Amino acid sequence: MSENLHTFENEEYKHAYRHTAAHILAHAVKRLYPDAKLAIGPAIADGFYYDIDSAETFTPESLAEIEGEMRKICREKLALERFELSREDALKLVAEQNEPYKAELIHDLPADAVISFYREGDFTDLCAGPHVDTTARIKANALKLTNCTGAYWRGDANNKMLQRIYGTCFMSKPELEEHLRRIEEAKLRDHRKLGRELDLFALYDEGPGFPFFFPKGMLVRNELVNFWRDEHRKAGYVEISTPMILSEELWRRSGHWDLYKDNMYFTDIDESGYAIKPMNCPGGMLAFKRKLWSYRELPVRMAELGIVHRHELSGALHGLMRVRNFTQDDAHLYMTPEHVPSEIVSTIELVDRFYKVFGFDYLVELSTRPEKFMGEIERWDAAEKLLEDALIEKNITYRLNPGDGAFYGPKIDFHLVDCLGRTWQCATLQLDFQMPERFELEYVGADGEKHRPVMIHRTVLGSLERFIAIITEHYAGAFPLWLAPVQVIVLPITDRTRDYAQSVADSLAADGYRVETDFRSEKIGFKIREAQVQKIPYMLVLGDKEAESGLVTVRRRSEGDLGTMSLDEFNAMIKKERSPVVQG
């Protein structure tokens, strides 16, 4: 690897750099805790981790000590040397090292697998690599161990709980400091914390991975759904609903049984097998197949807010970001081959409109044929070219993601970028020639003959629950007026203005605002602070002067005091904010 490629602009080098840091972490642990057993230690999006089995419970003090040892190893400028061993010799080496987890990994490798190790100084670790050439590449002043959590071996709750040490590293100290600043900001924005504080949503041990939404959270959710429905209606979609439980035979027909059954839940009804749907596609196909369509009726765009269930390992669950049941904003578009280019473009434009409302930029990936796929390669090639041509037509910069398409077709994925620069894959557009064949979908063409339609599977928000988590963190709980669960709070200064405050609240409620009143016998400063903590967009402060003049003193969450005005002036001022508008 040439010197000019030794930057984080080069994704391969960044991965090797952080993978090496994980290797150095394991080396440091073994120096300080020789009896510790090593499991796995990959590079991840923002750093690295290593799973370790140790009788020592790693505390913040332990992490500081390990971090110091890591810096020492970096400064020792140890070369990383790769070597390969036969399965027999590899097992002998890890047995001598007393590394049972490494032995298990070797046993699970395919018979023809290359088994490689990396040596740095007195430390040797089973590893596929890649790594950088020397520990000196890792900047000692630009690495940091961030925390330690529990993690089941191989993510399976039936296995032993290990300790997972997380870390991050960069190529300079200022880059590290900026990243750590963002971590602290992310903690303040954590949707799980804000969900509790703002009384929006929660998850309980009684239902791991199954979220609860409370009244204020439902207000946010319903406004989001209302916006979704309005935009889809304008774009020519019709809405359907399909059952949550469908027969095992249907999932075999769709191909999900062979490729997805480990992520599904099952039940028996009348001694027959059924599955709780992990996806909405097969039900959508039956909805299309209910009648014989004419080419004049196509394209048909069927959208569904479908509740799906997927079996996720307990160690993978994370607030609303990774759950076991969620609402997917699916749509299935059925069309003639001639419609395909324009439908791809209009779907891209719909995604763009949605994300601009929330102020999101986004990155785009084109994912091609995976190793396990259905259909003929020629059709896959044609489908991939259609997606690529649409991206070129829209002048969209994209990254190729080889082999990551769905088993039935290539796809375009949209990764939105939040205010902290984090990316989240939400929208997807999948072009499918295979499912119409499997389900024998038909329409009557201009020639009077029956033909197979082409399908597009797509989501815009993705998981509704996950999208709510993302925007909760993006806005730090300070939702724009149209999404805010409480839009205006009325704050009387004394009991003397109680009747006037109630009349103001009633008037706002009659105009369709979500409004609350705070009649507690507390000082007005306390009430204002409480409203700020609840991130309510507008506060109307009412004293004797306001009651006598029929006016309101307005405070905006982000700006403070806006002065005194009539209720009509207040309405006119915030009118535009009542509807979703493009941000930024």
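Computed from a predicted structure; not experimentally measured.
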Out of curiosity, Tyr398 OH to Leu387 CG, how far, rounded to the nearest 0.5 Å?
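The CG atom of Leu387 is 10.0 Å from OH of Tyr398, to the nearest 0.5 Å.
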
For the atom pair CG (Asn401) and OG1 (Thr368), what is the distance rounded to the nearest 0.5 Å?
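Result: 7.0 Å between the selected atoms.
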
Charged N to carboxylate O under 4.0 angstrom, [X] versus [Y]?
| X | Y | answer |
| --- | --- | --- |
| Arg399 | Glu11 | no |
| Arg182 | Glu185 | no |
| Asp156 | Arg154 | no |
| Asp190 | Lys187 | no |
| Asp381 | Lys385 | no |

Among side-chain atoms of [X] and [Y], is any donor-acceptor pair under 3.5 angstrom?
| X | Y | answer |
| --- | --- | --- |
| Asp125 | Tyr50 | yes |
| His415 | Glu365 | yes |
| Asp352 | Tyr362 | yes |

Under 3.5 Å donor-acceptor, [X] side chain and [Y] backbone:
| X | Y | value |
| --- | --- | --- |
| Glu249 | Trp251 | no |
| Lys102 | Ala39 | yes |
| Asp432 | Met455 | no |
| Glu384 | Pro410 | no |

Less than 6.0 angstrom separating the ring centers of [X] and [Y], yes or no?
| X | Y | answer |
| --- | --- | --- |
| Tyr334 | Trp293 | no |
| His23 | Phe48 | no |
| Phe360 | Phe354 | no |
| Trp257 | Phe266 | yes |

Under the side chain to side chain donor-acceptor pair (under 3.5 Å) rule, collect the residues that match up with His474, sequence neighbours excluded.
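With neighbours one apart ignored, the set is empty.
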
Partners passing side chain to side chain donor-acceptor pair (under 3.5 Å) against Thr397 (at least two apart in sequence or in another chain)
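Listed in chain order: nothing, the list is empty.
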
Mark yes when over 12 heavy atoms from residues, nucleotides or ligands other than Lys372 sit less than 6.0 Å from its NZ; otherwise mark no.
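Open.
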
Can you tell me if Phe212 has over 12 outside heavy atoms packed within less than 6.0 Å of its CZ?
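At most 12 heavy atoms, drawn from other residues, nucleotides or ligands, come within 6.0 Å of this atom.
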
Does the Lys NZ or Arg CZ of Arg221 fall within the cation-pi geometry relative to Phe213 - under 6.0 Å from the ring centre and within 45° of the axis?
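Judged by the rule (NZ or CZ under 6.0 Å from the ring centre, within 45° of its axis), Arg221 counts as positioned above Phe213.
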
Can you tell me how the ring of Phe467 sits relative to the ring of Tyr355, calling it parallel under 30°, perpendicular over 60° and tilted otherwise?
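Judged by the thresholds at 30° and 60°, the geometry between Phe467 and Tyr355 is parallel.
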
Between Pro100 and Lys37, is any pair of side-chain heavy atoms under 4.5 Å apart?
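Pro100 reaches Lys37 side chain to side chain.
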
Is there a side-chain contact between His332 and Asn280 in this structure, where contact means two heavy atoms from C-beta onward sitting under 4.5 Å apart?
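In short, these two side chains touch, coming nearer than 4.5 Å.
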
